[in-house]
Asker: 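Here it is: the structure, laid out below.
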There are 2 protein chains.
Amino acid sequence: MTNTTVSSDLLRGHTDTIILKLLLGGDHYGYEISKKVYETSGHMYELNEATMYSSLKRLENDGRITAYWGSETQGVRRKYYRLTDAGRELYAANKNAWDVARTVLEKLL
Amino acid sequence: MTNTTVSSDLLRGHTDTIILKLLLGGDHYGYEISKKVYETSGHMYELNEATMYSSLKRLENDGRITAYWGSETQGVRRKYYRLTDAGRELYAANKNAWDVARTVLEKLL
DNA sequence: TCATAATACCTTGACAGACATAGTATTGTG
DNA sequence: CACAATACTATGTCTGTCAAGGTATTATGA
């Protein structure tokens, strides 16, 4: 068990959407994404690195995001991710699916 | 794709809790559980049979529910499930975990 | 100076829950 | 008498997540 306060099992399937949502606000690099998720969640959820990178890879393969290396002249290289139109579409669809799922869960739990 | 209106991926991890919640209201047999879930969800979610039975098996193995054969003198035999105290505890814990998860997701999505 | 933490990325193998598919058996219906 | 509905079970596959390991650079403080 890492320092996670919310069970990741219950967030399963939402990783892609969480990342897409973050990229709606502008390009970000991987490490930054995990930090921002931690902050935005109110320190309740720590996105596992391996999970994040596999999600990024999946999104990239599916054309939902594009990746480019930053132009850092010093410091560690950073790989930035940018949302595509297809990514924006997927976010909207997933957000909608979540609204439905939440409604259903509130009836069932 | 079956006749499901809500993505089962987003309900992943909630199957056990959904079943425990139903059993809070009294003993039920498997087939009945799947029907009730469909009704309670407002026809939005159809619990897959294989998923349900594997959940029931898991809950039974973990001592959260007990199973007994009904005393049907005619008709198909029915296996009933009854909540244990440990099951009630698990439900309360899972319900609480869901409340936390929902709060976090509302921040992140 | 030099160990250590923090930053930043990546890969591999394993696990667990959900699923499709298949099967058995009984009862009601047209 | 075929077929749908009820009711339970077993098997193998898929996918997202994770632990664990790795590489490399920069900042910090003892």
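Proteins get letters first, then strands, A, B, ... in listed order; numbering begins at 1 in each. Fair warning: this is a prediction, and the values are worked out from it, not measured in the lab.
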Asker: For a quick check of understanding: with a heavy-atom distance under 4.0 Å over all strands, which category does A:Ser55 fall into, base, sugar-phosphate or nothing?
Answerer: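 Counting heavy atoms under 4.0 Å across all strands, no contact is made by A:Ser55.
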Asker: Where each residue is assigned the nucleotide of DNA chain C containing its nearest heavy atom, which of A:Asp9 and A:Glu32 is assigned the position nearer the 5′ end?
Answerer: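 Nearest-nucleotide comparison on DNA chain C picks A:Glu32.
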Asker: Can you identify which nucleotide, out of D:dT6, C:dC10, C:dT11, has its nearest atom closest to the A:Tyr81 side chain?
Answerer: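 The answer is C:dC10, which lies nearest to the side chain.
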Asker: Once you round it to whole Å, what is the distance between P of C:dT11 and CE of A:Met52?
Answerer: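 Spelled out: CE on A:Met52 to P on C:dT11 is 13 Å.
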Asker: Applying side-chain hydrogen bond (donor to acceptor under 3.5 Å, both in side chains), can you list everything that pairs with A:Asn94, at least two apart in sequence or on another chain?
Answerer: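 Here the qualifying residues are A:Thr17.
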Asker: Rounded to the nearest angstrom, tell me the gap between atom NZ in B:Lys57 and atom P in C:dG17.
Answerer: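 Interatomic distance, NZ of B:Lys57 to P of C:dG17: 15 Å.
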Asker: Are there more than 12 heavy atoms of other residues, nucleotides or ligands under 6.0 Å from atom NZ of B:Lys36?
Answerer: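 Not buried by this count: 12 neighbours or fewer within 6.0 Å.
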Asker: Measuring from the side chain of B:Arg12 (C-beta onward, heavy atoms only), which nucleotide among C:dT11, C:dA16, D:dT17 has the closest atom?
Answerer: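 Among the listed nucleotides, the one closest to the side chain of B:Arg12 is C:dA16.
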Asker: Report the nucleotide, chosen from C:dA8, C:dC19, D:dA7, that has the shortest atom-to-atom distance to any side-chain atom of B:Ser8.
Answerer: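 Nearest nucleotide to the side chain: C:dC19.
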Asker: For B:Ile33 and D:dT6, what is the distance between atoms CD1 and P respectively, to the nearest whole Å?
Answerer: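 Going from B:Ile33 (CD1) to D:dT6 (P), I get 16 Å.
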Asker: Rounding to an integer number of Å, can you tell me how far B:Tyr80 OH sits from D:dC8 P?
Answerer: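 Taking OH of B:Tyr80 and P of D:dC8, I get 9 Å after rounding.
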Asker: Whole angstroms only, please: what is the NZ-P distance between A:Lys79 and C:dC9?
Answerer: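 Roughly 9 Å, once rounded to whole Å.
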Asker: Find the distance A:Glu49:CD to D:dT23:C1' and express it as a whole number of Å.
Answerer: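 Going from CD in A:Glu49 over to C1' in D:dT23 covers 12 Å.
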Asker: Judged by each residue's nearest nucleotide on DNA chain D, which is more toward the 5′ side, B:Tyr29 or A:Gly13?
Answerer: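 In this pair, the answer is B:Tyr29.
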Asker: Output the single nucleotide from C:dT7, C:dA18, D:dT6 whose closest atom is nearest the side chain of A:Tyr31.
Answerer: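 For the A:Tyr31 side chain, the nearest candidate turns out to be C:dT7.
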Asker: Whole angstroms only, please: what is the CH2-P distance between B:Trp69 and C:dA25?
Answerer: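 Taking atom P of C:dA25 as the reference, CH2 of B:Trp69 is at 13 Å.
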Asker: With a 3.5 Å distance limit and no angle check, can you tell me whether A:Thr84 reaches the backbone of A:Arg64 through a side-chain donor-acceptor pair?
Answerer: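 A pair under 3.5 Å: yes.
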Asker: For the side chain of B:Thr51, counting heavy atoms from C-beta on, which of C:dC19, C:dT12, C:dT7 is nearest?
Answerer: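 Nearest to the side chain of B:Thr51 among the choices is C:dC19.
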Asker: Indicate, with a heavy-atom threshold strictly under 4.0 Å, whether B:Arg78 touches base, sugar-phosphate, or nothing.
Answerer: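 Counting heavy atoms under 4.0 Å across all strands, the contact made by B:Arg78 is with sugar-phosphate only.
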Asker: Grab the NZ-P distance between A:Lys35 and C:dA6 for me, whole Å please.
Answerer: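 Result: 9 Å.
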Asker: In plain terms, say whether B:Arg58 and B:Asp16 are close enough for a salt bridge, that is, a side-chain N and a carboxylate O under 4.0 Å apart.
Answerer: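 Yes, this pair counts.
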Asker: Among B:Tyr80, B:Trp69, B:Tyr68, find the one that has a ring pair (Phe, Tyr, Trp, His ring centres under 6.0 Å) with B:Tyr29.
Answerer: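 Of all the options given, the one that passes is B:Tyr80.
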